[in-house]
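The structure appears right after this line, and notes come after that.
These numbers were taken from a predicted model, which means no experiment stands behind them. Reckoned from all heavy atoms, side chains included, excluding hydrogens, waters and symmetry mates.
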Amino acid sequence: MAKFSWNLPTSNGTVIAVNGQLLIAQEITAQLSADFTISSAVATPIGNLNVEIIDNEGKYNSTATTNSFTVSSSGVYQVILNIQLSQTASSNPVVGVWDDTTADWIVRGNDLYTATEVNGSNLRRQTYTMITSVDMDSTHTRRAAAGIACTVKAFSAGATGSGAISQVTLKRLK
């Protein structure tokens, strides 16, 4: 009887089939290590997004002032953003993924900011969650960004406890 052997990839990540070949999907997940304040209404990369949960292909870079990533192969990628903003005025923030190559948002949410003051402090917090899939070209550089004067919160806090709140995830689907 002939032995059957699997030739499976050995790196961390989800195994997917692309064009009949098994491979590990590129995955990036990063959380904020500390709050990050943005003072402009133009697309600004979110700094402190440097607690890497996974970056299985080494394509993510971050510092206290910026972040960027590329994809290894062109294809369809799932993007999940969970971003909590704190600001003192009501307006329409934009959060999402900015493409440096085309100078445009490829994923964004700009819902009305409706958070109310917390205990008369004039501070408001609102969380934006986006889950979508988008074609990405491997020759482009992208960034998780926000387009409003605000503070991106690293941790939720309250009487019931606290924990990491703002996170960005990218995963190749096909």
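- Remark: the Q26 side chain and the S73 side chain contain no N/O donor-acceptor pair separated by less than 3.5 Å.
- Using a distance-only test at 3.5 Å, with no hydrogens or angles considered, a donor-acceptor pair links the side chain of N82 to the main chain of I165.
- Residues V97 and F69 have side chains in contact (heavy-atom distance under 4.5 Å, counting atoms from C-beta outward).
- Put simply, OG on S68 and OH on Y60 are 8.0 Å apart, with the number rounded to the nearest 0.5 Å.
- Residues V168 and I28 have side chains not in contact (no heavy-atom distance under 4.5 Å, counting atoms from C-beta outward).
- Residues I38 and V152 meet the side-chain proximity criterion, which asks for heavy atoms closer than 4.5 Å.
- By the rule that hydrophobic residues join a cluster once side-chain heavy atoms approach within less than 4.5 Å of another member, I106 and L173 end up as members of separate clusters.
- Under a 3.5 Å cut-off, the side chain of N67 and the backbone N or O of A144 do form a donor-acceptor pair.
- Test L81, V51, T29 against Q167 for side chain to side chain contact (heavy atoms under 4.5 Å, CB included) and you get one pass: T29.
- With E27 contributing its side chain and T14 its backbone, the two residues share a donor-acceptor pair below 3.5 Å.
- Residues L49 and M130 are members of one and the same hydrophobic cluster, defined by side-chain heavy-atom contacts under 4.5 angstrom among Ile, Leu, Val, Met, Phe, Trp and Tyr.
- V71 places none of its side-chain heavy atoms less than 4.5 Å from the side chain of R172.
- Here the straight-line distance linking atom CD of Q78 with atom CE of M136 works out to 10.5 Å at 0.5 Å rounding.
- A donor-acceptor contact shorter than 3.5 Å links the side chain of S74 to the backbone of S138.
- Closest approach of P45 and R143 over heavy atoms only: CG-CD, 3.4 Å.
- Shortest non-hydrogen contact noted between A43 and W105 is CB-CZ2, 3.6 Å.
- Checking side-chain atoms of T44 against main-chain N and O of V42 turns up a donor-acceptor pair under 3.5 Å.
- A heavy-atom distance below 4.5 Å is found between the side chains of L85 and Y128.
- Q84 and S156 get closest at one heavy-atom pair: OE1-CA, 4.4 Å.
- Judged by distance alone, the side chains of T151 and T37 do bring a donor and an acceptor atom under 3.5 Å apart.
- L22 and A17 get closest at one heavy-atom pair: CD2-CB, 4.1 Å.
- Summarising the geometry of I24 relative to E57, their closest heavy-atom pair is O-OE2, 3.9 Å, with the distance given to 0.1 Å.
- N48 places no side-chain N or O within donor-acceptor distance of the main-chain N or O of L32, the cut-off being under 3.5 Å.
- By the 4.5 Å heavy-atom criterion applied to side chains, R142 and D137 are counted as neighbours.
- Under a hydrophobic-cluster definition in which Ile, Leu, Val, Met, Phe, Trp and Tyr are linked whenever side-chain heavy atoms come within less than 4.5 Å, directly or via other members, V107 and W98 are assigned to different clusters.
- Distance check: E52 CD to S33 OG gives 11.0 Å after rounding to the nearest 0.5 Å.
- Looking at I16 and K174, their side chains never come closer than 4.5 Å, going by heavy atoms from C-beta outward.
- Across all non-hydrogen atoms, the minimal contact from Y77 to L170 is CB-CD1, 3.7 Å.
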